[in-house]
Amino acid sequence: MNTDKSKFPKVVIVGGGFGGLQVAKKLEDKPVDVLMIDKFNYHTFQPLLYQVATGSLDGESIAFSLRKNFAGQKNLRFRNAEVTRINPEKNTIETNVGEIPFDYLVIATGSTTNFFGNKDIEQNALPMKSIPEALNLRSLILQNIEEAVLRTTREEREPYLNFVLVGAGPTGVELAGALAELRNHILTRDYPELEKDHMKVYLVDFMPKILGSMSDDASKSATRFLKSMGVEVLTGVKVESYDGQEIKFEDGKSIRTRNVIWSAGVMGVIPDGINRELIVRGNRIKVDSICRVEGFVNIFAIGDVAAMINDENPKGHPGVAQVAIQMGNHTAKTILQLMNNEPTVPFKYNDKGSLATIGRNKAVADLGKIKFQGFFAWVVWMFVHIITLLGFRNKLVVFINWVGSYITYNGGNRLIINRYMSKTLARKVGHLPKDELVR
């Protein structure tokens, strides 16, 4: 239960992602009390999750303690808790550590993987939206390569060494490139019993091109880079089912595989208590021009969980970090304006461009009207990601890892710390209740 007696308005931020961090940062030294709530006690730098999944980086190197990040901010407190319900009529939220009141609420809960209602795929494919999920994926990749070593024929090895990535946005493209580099530079070093051409990497998307949100130049270059690395790019292909053994497509084709990684869509994470009429496509909350949940005067939603639909953005803003950061900055200013009875201004997104890396010396960049690909784009990609990581130690560790990998072609940490077991298999062997999921 909350026992705070402060005279200042209380701003509760649910979520310690890019948007939540920005709101809290901009409210430092302001006449408000800030309470941040997150089910994890760390911020995750999601753009580098794929490198954790492929063993290039440790999970700790892309995570940073939220308490440490705000150690010097006197008007902020943090609670490691999970929000179960919002009570707008009472101006409170319910959590697993008690009920907490608010004067202003910012919902910055981000997104999770969207399987579009396909339960078979949800049970058998792997998502990659958090560090625990990335570590599960790392274990699965390594476990299946180890299993392949034990098989005596190429046909027996095939399902363990076929990797299918569904969704050819930046996450899918970057992960496909990382897996291709693992095959091209590491596979036969670590596993001399295997041959490079035994491992296949497929990148699948139902759209006609990869990196659909980027320019045609970026898409064509990324496709060329991936194919030069041995990735099979399958566009205009829709997945029908996956049972853990074989992935089937609507055109009748199929691939035997135990490795399906799903990055084909995301959906907002919304606590109970928000009227269903306010939730639109992608499980996002409708907000007005100042990021305020429609119909409320003191509840905001930002980032992946927010849908600001207007003539300029008929589908809402893209689910990228820059949107969350800019919405967080705007929302903090708006709260202060409302407190002081000052006029507010509409949110205007400033698109600073998009970057995606495909592998060693290969990346694509769309920075406004400037578009370039190749080595220079790769250098820009590395620089941007290093400077936006939280914590000097994390920046240093990631940089050293990248330099080591570049020089040796064999960096990273390919350890199976905790063995991964699929949800379906866990239920079969009695390790998982019917209504519970493996994390």
Side-chain angles (χ1 to χ4, degrees), residues 2 4 6 8-40 43-44 66 69-70 73 75-95 99-111 268-275 278-279 283-308 316-317 319 321-340 344-347 349:
N2 178 70
D4 183 55
S6 172
F8 295 121
K10 174 174 285 186
V11 179
V12 175
I13 303 168
V14 183
F18 289 107
L21 286 182
Q22 194 68 14
V23 177
K25 178 181 176 182
K26 292 299 179 180
L27 292 177
E28 184 174 7
D29 296 328
K30 305 300 181 184
V32 293
D33 278 327
V34 181
L35 177 66
M36 176 174 283
I37 300 172
D38 198 290
K39 65 180 179 179
F40 297 119
H43 167 78
T44 301
L66 288 168
N69 187 61
F70 294 111
Q73 186 164 335
N75 69 337
L76 182 139
R77 293 170 296 123
F78 173 76
R79 293 291 179 267
N80 184 198
E82 191 161 0
V83 176
T84 55
R85 185 174 183 83
I86 298 170
N87 299 315
E89 68 287 348
K90 296 169 55 181
N91 281 346
T92 67
I93 57 173
E94 297 175 21
T95 77
E99 190 170 21
I100 298 171
F102 62 83
D103 294 298
Y104 297 94
L105 175 66
V106 181
I107 304 171
T109 42
S111 59
V269 177
I270 304 175
D272 290 340
I274 298 295
N275 191 323
L278 296 175
I279 300 175
N283 205 46
R284 296 188 297 168
I285 305 170
K286 289 171 64 176
V287 298
D288 61 19
S289 63
I290 60 172
C291 300
R292 192 164 49 183
V293 177
E294 290 191 359
F296 296 96
V297 297
N298 63 340
I299 301 178
F300 299 81
I302 61 174
D304 291 357
V305 78
M308 185 183 293
H317 294 88
Q322 269 301 316
V323 170
I325 290 169
Q326 292 180 34
M327 280 186 168
N329 183 40
H330 188 273
T331 297
K333 292 179 179 178
T334 299
I335 289 173
L336 295 174
Q337 289 164 345
L338 292 173
M339 285 171 48
N340 296 322
T344 60
V345 295
F347 171 74
Y349 174 52

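- Side-chain contact between Leu338 and Arg292 is present, with heavy atoms from C-beta onward closer than 4.5 Å.
- Shown here for Ile299 and Pro88, the closest heavy-atom pair between the two residues is CD1-CB, 3.9 Å.
- Here the CG-NZ distance, from Asn75 to Lys30, works out to 10.0 Å after rounding to the nearest 0.5 Å.
- Residues Phe347 and Thr334 are not in side-chain contact: their nearest non-hydrogen atoms beyond the backbone lie 4.5 Å or more apart.
- In this structure, OG1 in Thr92 is found 3.5 Å from CD in Glu99, a value given to the nearest 0.5 Å.
- With contacts defined as side-chain heavy-atom distances shorter than 4.5 Å, the pair Phe300/Ile335 qualifies.
- No side-chain donor-acceptor contact under 3.5 Å links Asn87 to the backbone of Ile93.
- Counting only heavy atoms from C-beta outward, the side chains of Glu28 and Phe70 never approach each other to under 4.5 Å.
- Of all non-hydrogen atoms in Lys26 and Ala332, the two that sit nearest each other are CB-CB, 3.5 Å.
- Results of the side chain to side chain contact (heavy atoms under 4.5 Å, CB included) test with Val32 over Asp103, Leu27, Leu76 single out Leu27 as the only residue that passes.
- For the atom pair Asn69 CG and Phe78 CZ, the distance stands at 11.0 Å (nearest 0.5 Å).
- Interatomic distance, Arg85 CZ to Thr95 OG1, rounded to the nearest 0.5 Å: 14.0 Å.
- Between atom CZ of residue Arg79 and atom CD1 of residue Ile37 there is a gap of 8.5 Å, rounded to the nearest 0.5 Å.
- Contacts of His43 classified as side chain to side chain donor-acceptor pair (under 3.5 Å), with partners at least two apart in sequence or in another chain: none.
- Looking only at distances, a side-chain donor or acceptor of Asp38 sits under 3.5 Å from a matching main-chain atom of Phe40.
- Minimum heavy-atom separation, Ile302 to Gly328: CD1-CA, 3.8 Å.
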Ile107 vs Ile270, test: side-chain contact (heavy atoms from CB on, under 4.5 Å). Steps then yes/no. CA-CA 8 Å; Ile107 304 171; Ile270 304 175; 5.9 Å; no
Donor-acceptor pairs are to be reported for all side-chain atoms of residues 17-24 against protein atoms at under 3.5 Å, with residues two or more places apart or in another chain.
none

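- Considering CG of Leu336 and OG1 of Thr331, their distance stands at 11.0 Å, rounded to 0.5 Å.
- Side-chain contact, Thr344 with Gln337: no donor N or O sits under 3.5 Å from an acceptor N or O.
- The closest side-chain heavy-atom distance from His317 to Met308 is below 4.5 Å.
- A pairwise comparison of heavy atoms in Ala306 and Met327 identifies CB-SD, 4.4 Å as the closest pair.
- Side-chain contact between His330 and Ile290 is present, with heavy atoms from C-beta onward closer than 4.5 Å.
- When every heavy atom of Val269 is checked against every heavy atom of Pro271, the shortest pair comes out as O-CD, 4.0 Å.
- Contact detail for Ala307 and Arg284: the closest heavy-atom pair is CB-CB, 3.8 Å.
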